[in-house]
Number of protein chains: 2
Amino acid sequence: MLDKTSIQSSHNHKNCMQHALQAAEKVCKNKGVRLTSIRKRILELICTSHKAMGAYGLLDLYKQEDPKAKPVTIYRALDFLMDVGLVHKIESLNAFIGCLQSEKQHQTAIFICDNCKNAYEIDASSVYENLFTLSQSLQFKPQKLTIELRGLCVNCRY
Amino acid sequence: MLDKTSIQSSHNHKNCMQHALQAAEKVCKNKGVRLTSIRKRILELICTSHKAMGAYGLLDLYKQEDPKAKPVTIYRALDFLMDVGLVHKIESLNAFIGCLQSEKQHQTAIFICDNCKNAYEIDASSVYENLFTLSQSLQFKPQKLTIELRGLCVNCRY
DNA sequence: AGTGATATGTTATATTATTACATCTATGGA
DNA sequence: TCCATAGATGTAATAATATAACATATCACT
Ligand SMILES: [Zn+2]
Ligand SMILES: [Zn+2]
Ligand SMILES: [Zn+2]
Ligand SMILES: [Zn+2]
């Protein structure tokens, strides 16, 4: 699980990455869906950092390995990865991050640093409770929540 | 202020609209900025319903009155209206709604019905409190929050 | 009226995302 | 093993959203 320390720029990112990729295999096996080589590679590219990546940025990277890749190649992989819950879209950036807690149910908010562009998914269950209660009072039936905070991370705020 | 009843499809929308436009005049006067005729008209178009409107949908409408209007015409008006706080962007839809509480400070979440496309801004201060507390514990300095709930409204859920 | 700041006009282009249809590949049953 | 078929990928085109750059017009103040 992502904890406070992983938001430090000093954290050992290899752990994040390895964890995400192992979890991906498990999740796909459990759900009976195929983590094909394209999909896996796109996930790897996303997970190389905590920076949110745009689809066309990913395309540029992926083209170094497969020069005839097209936008739709990336979008299809992203759609799959999002369906399975391995990747999340950051709506306010039109960009994507790898999920670091894909094995668990999770109710998270995304903290996005506008300086370093790192984006961290942090557990925010109580915020969800709060919003579910509010929904109930409005007789609104929520299906998908988007909670994003733009600002400055601890590494960039001073 | 938006209350529960304004989410009912039966509410009297003329009140919403009139209120929004009067508030717009006040807000602009207070801030010493100019609500020019283009800006005002775009705001009116947005406020004709609670449906989130895309920039190009607005352009189509506005073109009926000014056939040589261009995308940038709309985006400039929207940028102004957003800066002043008269319009909000719904990030998960790339669409815009008029603000119905522009005079007050407000901390709101947006409830979006995926059936009827109506979008309502509802006070959610306690959610903000919650997220601010979480931010503090991460030493994150939040500058802009995006809280959007997609689902089904009371008119569409059954 | 003259001046500077703000707003608008105009053209072009950048960025993000999807549609449509052809072809290939993995997989399970005959 | 071979076939049927569902799912995945290839390829081309285009749709949808948003911004850049620069010229001209208008407003607010002196
Ligand atoms: Zn990491
Ligand atoms: Zn940062
Ligand atoms: Zn109304
Ligand atoms: Zn509805």
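A, B, ... follow the sequence lines: proteins, then strands. Residue 1 opens every chain. Just so it is clear, the values below take in all heavy atoms, side chains as well, and ignore hydrogens, waters and symmetry mates. Small disclaimer: the values here were computed from a predicted structure and weren't measured.
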- Query: Quick one: Leu35(A) CG to dG7(D) P, roughly how many Å, whole number?
  - Reply: 17 Å

- Query: Of the candidate nucleotides dA17(C), dT10(C), dT11(D), which contains the atom at the shortest distance from the side chain of Lys70(B)?
  - Reply: dT10(C)

- Task: With the side chain of Thr36(B) defined as its heavy atoms from C-beta on, choose the nearest nucleotide among dA17(C), dA7(C), dT10(C).
- Result: dA7(C)

- Task: Identify which nucleotide among dT17(D), dT10(C), dA7(C) has an atom closest to any side-chain atom of Lys68(B), counting heavy atoms from C-beta outward.
- Result: dT10(C)

- Item | Ala55(A), nearest nucleotide to its side chain (from dT18(C), dA17(C), dT9(D)) | dA17(C)

- Message: Does the plane of the ring in His50(B) sit parallel, tilted or perpendicular to the ring in His13(B)? Use 30° and 60° as the thresholds.
- Response: perpendicular

- Message: So, under a plain 3.5 Å distance rule, would you say the side chain of Arg76(A) forms a donor-acceptor pair with the base of dG10(D)?
- Response: yes

- Task: Under the side-chain contact (heavy atoms from CB on, under 4.5 Å) rule, what do Cys153(A) and Asn118(A) come out as? Steps first, then yes or no, please.
- Result: CA-CA 8 Å; Cys153(A) 77; Asn118(A) 280 344; 5.7 Å; no

- Figure out the NZ/C1' separation between Lys40(A) and dA8(D), and round it to whole Å. 17 Å

- Arg34(B) vs dA5(C): side-chain N/O to OP1/OP2 distance below 4.0 Å: no

- Query: Start at the 5' end of DNA chain C and walk down; is the nucleotide closest to Ser37(B) or to Ala95(A) reached first?
  - Reply: Ser37(B)

- Message: Tell me whether Gln105(B) at atom CD has more than 12 heavy atoms from other residues, nucleotides or ligands lying less than 6.0 Å away.
- Response: no

- Task: Find the distance Leu59(A):CG to dT18(C):C1' and express it as a whole number of Å.
- Result: 15 Å

- Item | Interatomic distance, Glu91(A) CD vs dA17(C) P [rounded to whole Å] | 9 Å

- Message: Would the base of dA18(D) count as contacting Tyr56(B) through its side chain, where contact means a donor and an acceptor less than 3.5 Å apart?
- Response: yes

- Below 4.0 angstrom from OP1 or OP2 of dA17(C), is there any side-chain N or O of Tyr75(A)? yes

- Query: Does the side chain of Asn94(A) get closer than 4.0 angstrom to OP1 or OP2 of dA17(C) through an N or O atom?
  - Reply: yes

- Distance in angstrom units between Ile38(B) CD1 and dT26(D) P, rounded: 11 Å

- Quickly work out the Lys63(B) NZ to dT10(C) P distance and round it to whole Å. 13 Å

- Flag yes if more than 12 heavy atoms outside Lys141(B) fall under 6.0 Å of its NZ atom; otherwise flag no. no

- Which heavy atom of Ile97(B) sits nearest a heavy atom of Ala52(B), and at what distance? CG2-CA, 3.8 Å

- Item | Rounded distance in Å - CZ (Arg39(A)) to P (dG7(D)) | 11 Å

- Rounded to the nearest angstrom, tell me the gap between atom CZ in Phe80(B) and atom P in dA18(D). 19 Å

